[in-house]
Amino acid sequence: TQKYSGDTDIWGGVVRFDGKMENSRVWMNHFTKLVSDGGTFRDIEMKYASELIIGATTGQNIDFTGILSPLSLTGTTGASTLTADTVKMGFGSRLKIDILADGKSDKLIAKKLTIETKDWQYGPKYDRPVIEFTVAEGVKQGRFVIATLDNIQGDLNDFKVEGLPRDVRTSIAMEGKDVVLTMEPVRAAAEVKWTGNTNEVFDNARTSNFTKDGKADVFATGDKVTFDDTAKELNISLRDDIEGSLVFANETKNYALDCK
């Protein structure tokens, strides 16, 4: 237990802390990493490209250069948690979570999570925070509680999601206070049409902004996507790397594709 009550500023490198730091605000500079297996914190504030790594299983690729910790860095073998009063994720910051072969996952527990985004034409690569998953080989379906939050400031849809398999259908949604990742097998590639009925997001197998055979559906790897004048949303935000073909047909309206 760390009883220090001043600020804890991580200016560089990697820090691992698995104990209790309930009286000190933790500030993470750009490109720093905080690793914790079961740690309890008061406030965590994250800048661009900083990484909050829960558990750190041996499968994660972590550069421990500049480590400041007397603890073992061999990684954990099971699901881990990190608890904090508040976590403020600045745009471009990164939360790393493991999905394990035994059907369990790491979990963030917080009274308040803040999601910061930016809206600009020129700037760094990421204009929103990132959730990066490390998924155990062979895991294709299941329900995983990746966070429990009393309050969230922002929208879960604002997260950039990385690391999920492309051949599964996924969703991240609030269920009460829990943030639940659902994974299930996705259909084979087909011809679909963009509608934008849900929002502006074009992602891989998560958001139902398409129709297949007249029914709402998601994008699956290899799909042939048609864009026409019947779409509700013409300003499209491409959130993932995709593999498929795009066809613009019979359109008189202007489409805008934002690749963030």
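For this chain, numbers begin at 1 and follow the sequence in order. Any value given below was found using the heavy atoms of this structure, including those in side chains, with hydrogens, waters and symmetry copies removed.
- Residues L149 and I172 share a hydrophobic cluster, clusters being chains of Ile/Leu/Val/Met/Phe/Trp/Tyr side chains in contact below 4.5 Å.
- Counting non-hydrogen atoms of other residues, nucleotides and ligands closer than 6.0 Å to NZ of K111 gives a total of 12 or fewer.
- Of all the heavy atoms in G39 and F41, the pair that sits closest is C-CE1, 3.8 Å.
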inquiry  = Would D258 and S237 count as a side-chain hydrogen bond (donor to acceptor under 3.5 Å, both in side chains) here? Give the steps.
reply    = CA-CA 5 Å; D258 187 5; S237 177; 5.1 Å; no
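- Cluster annotation: I109 is not connected to V87 through the hydrophobic network of ILVMFWY side chains, with a link wherever side-chain heavy atoms come within less than 4.5 Å.
- Each of K193, R187, R166 was scored for a salt bridge (charged side-chain N to carboxylate O under 4.0 Å, His left out) with D223, with one residue passing: R187.
- Listed here is the closest heavy atom pair of S50 and N29: CB-O, 3.5 Å.
- With contacts defined as side-chain heavy-atom distances shorter than 4.5 Å, the pair E162/I131 does not qualify.
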request  = Applying side-chain contact (heavy atoms from CB on, under 4.5 Å), run through L164 and L181 and close with a yes or a no.
outcome  = CA-CA 10 Å; L164 293 176; L181 166 68; 4.1 Å; yes
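- The residues K232 and E200 are annotated as not salt-bridged, no charged nitrogen and carboxylate oxygen being separated by less than 4.0 angstrom.
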ask   = Would S24 and T8 count as a side-chain hydrogen bond (donor to acceptor under 3.5 Å, both in side chains) if you check the C-alpha gap in whole Å, the side-chain angles of each, and the deciding distance to 0.1 Å?
value = CA-CA 6 Å; S24 177; T8 299; 2.7 Å; yes
request  = Evaluate the criterion side-chain contact (heavy atoms from CB on, under 4.5 Å) for residue pair V130 and K160; output intermediate values, then yes/no.
outcome  = CA-CA 5 Å; V130 180; K160 169 79 171 176; 4.0 Å; yes
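- With rounding to the nearest 0.5 Å, the separation of CD1 in I10 from CE in M46 is 9.5 Å.
- Using a 3.5 Å distance cut-off with no hydrogens or angles, the side chains of T86 and D43 do pair a donor with an acceptor.
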message = Evaluate N209 against N199 for side-chain hydrogen bond (donor to acceptor under 3.5 Å, both in side chains), listing each step before the verdict.
response = CA-CA 7 Å; N209 274 324; N199 52 31; 2.8 Å; yes
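- Using a 4.0 Å cut-off between charged nitrogen and carboxylate oxygen, K253 and D229 do not count as a salt-bridge pair.
- A donor-acceptor pair under 3.5 Å is absent between the side-chain atoms of S36 and the main chain of I54, judged by distance alone.
- One distance of note links OG1 of T170 with CG of N204; it measures 7.0 Å at 0.5 Å rounding.
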request  = Check step by step if salt bridge (Lys or Arg N to Asp or Glu O under 4.0 Å) holds for K118 and E116.
outcome  = CA-CA 7 Å; K118 296 292 184 182; E116 181 189 31; 3.6 Å; yes
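- For the residue pair K224 and V247, the shortest heavy atom distance occurs at CE-CG2, 3.6 Å.
- Using cut-offs of 30° and 60° on the angle between ring planes, the pair F219 and F210 is tilted.
- Between F227 and Y255, the ring-plane angle classifies as perpendicular under the 30° and 60° cut-offs.
- Put simply, V180 and V168 are part of two different groups of oily side chains (I, L, V, M, F, W, Y) that touch within less than 4.5 Å, one to the next.
- R42 has no carboxylate O lying under 4.0 Å from a charged side-chain N of E22, or vice versa, which leaves the two without a salt bridge.
- No side-chain heavy atom of K88 sits less than 4.5 Å from a side-chain heavy atom of I44.
- Salt-bridge annotation for R25 and D9: present, with a side-chain N of the basic residue lying under 4.0 Å from a carboxylate O of the acidic one.
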Verdict with reasoning, Y126 to F91, per ring pair (Phe, Tyr, Trp, His ring centres under 6.0 Å) = CA-CA 7 Å; Y126 295 101; F91 68 95; over 10 Å; no
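- Using a 4.5 Å heavy-atom threshold, the side chains of D150 and K112 count as separate.
- Checked against R206 for a side-chain contact (heavy atoms from CB on, under 4.5 Å), the options V161, V201, T182 give a single hit: V161.
- You'll find the ring centres of W11 and F31 outside the 6.0 Å limit.
- Here the closest heavy-atom approach between residue A189 and residue T221 is recorded as CB-O, 3.5 Å.
- Hydrophobic clustering, with ILVMFWY side chains joined whenever heavy atoms are under 4.5 angstrom apart, keeps M183 apart from V218.
- Side-chain contact check for F144 versus V135: every heavy-atom pair is 4.5 Å or farther apart.
- In this structure, the separation between CD on E132 and CD1 on I53 is 8.5 Å, given to the nearest 0.5 Å.
- Of the inter-residue distances, the one linking R94 atom CZ with Y48 atom OH reads 8.5 Å to the nearest 0.5 angstrom.
- The closest side-chain heavy-atom distance from L52 to L82 is below 4.5 Å.
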message = T117 vs D127, test: side-chain contact (heavy atoms from CB on, under 4.5 Å). Steps then yes/no.
response = CA-CA 6 Å; T117 62; D127 61 357; over 6 Å; no
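- Nearest approach of G55 to V35, heavy atoms of both residues: O-CG1, 4.5 Å.
- No continuous path of hydrophobic side-chain contacts links V145 to M174 [ILVMFWY only; heavy atoms under 4.5 Å].
- Contact record, D155 with N157: OD1-N, 2.8 Å, taken as the closest heavy-atom pair.
- Looking at heavy atoms from C-beta onward, L156 lies in side-chain contact with V179 at the 4.5 angstrom threshold.
- Using a cut-off of 4.0 Å between Lys/Arg side-chain N and Asp/Glu carboxylate O, E45 and K47 are scored as not salt-bridged.
- Proximity of E51 to S93: side-chain heavy atoms (C-beta onward) are nowhere separated by under 4.5 Å.
- Annotation: the span from L108 atom CG to L113 atom CG amounts to 6.5 Å, rounded to 0.5 Å.
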Criterion side-chain hydrogen bond (donor to acceptor under 3.5 Å, both in side chains) on T148 and D178, from CA distance to verdict = CA-CA 4 Å; T148 298; D178 292 336; 2.9 Å; yes
Working for side-chain contact (heavy atoms from CB on, under 4.5 Å), residues E184 and V186 = CA-CA 6 Å; E184 57 187 7; V186 72; over 6 Å; no
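- Annotation: side chain of D37 is in contact with side chain of R16 (closest heavy-atom distance under 4.5 Å).
- Remark: I99 CD1 to S105 OG distance equals 4.5 Å, nearest 0.5 Å.
- Both the sub-6.0 Å distance and the 45° axial angle are not jointly satisfied by R239 relative to the ring of F159.
- At least one donor-acceptor pair under 3.5 Å links the side chain of D228 to the backbone N or O of T230.
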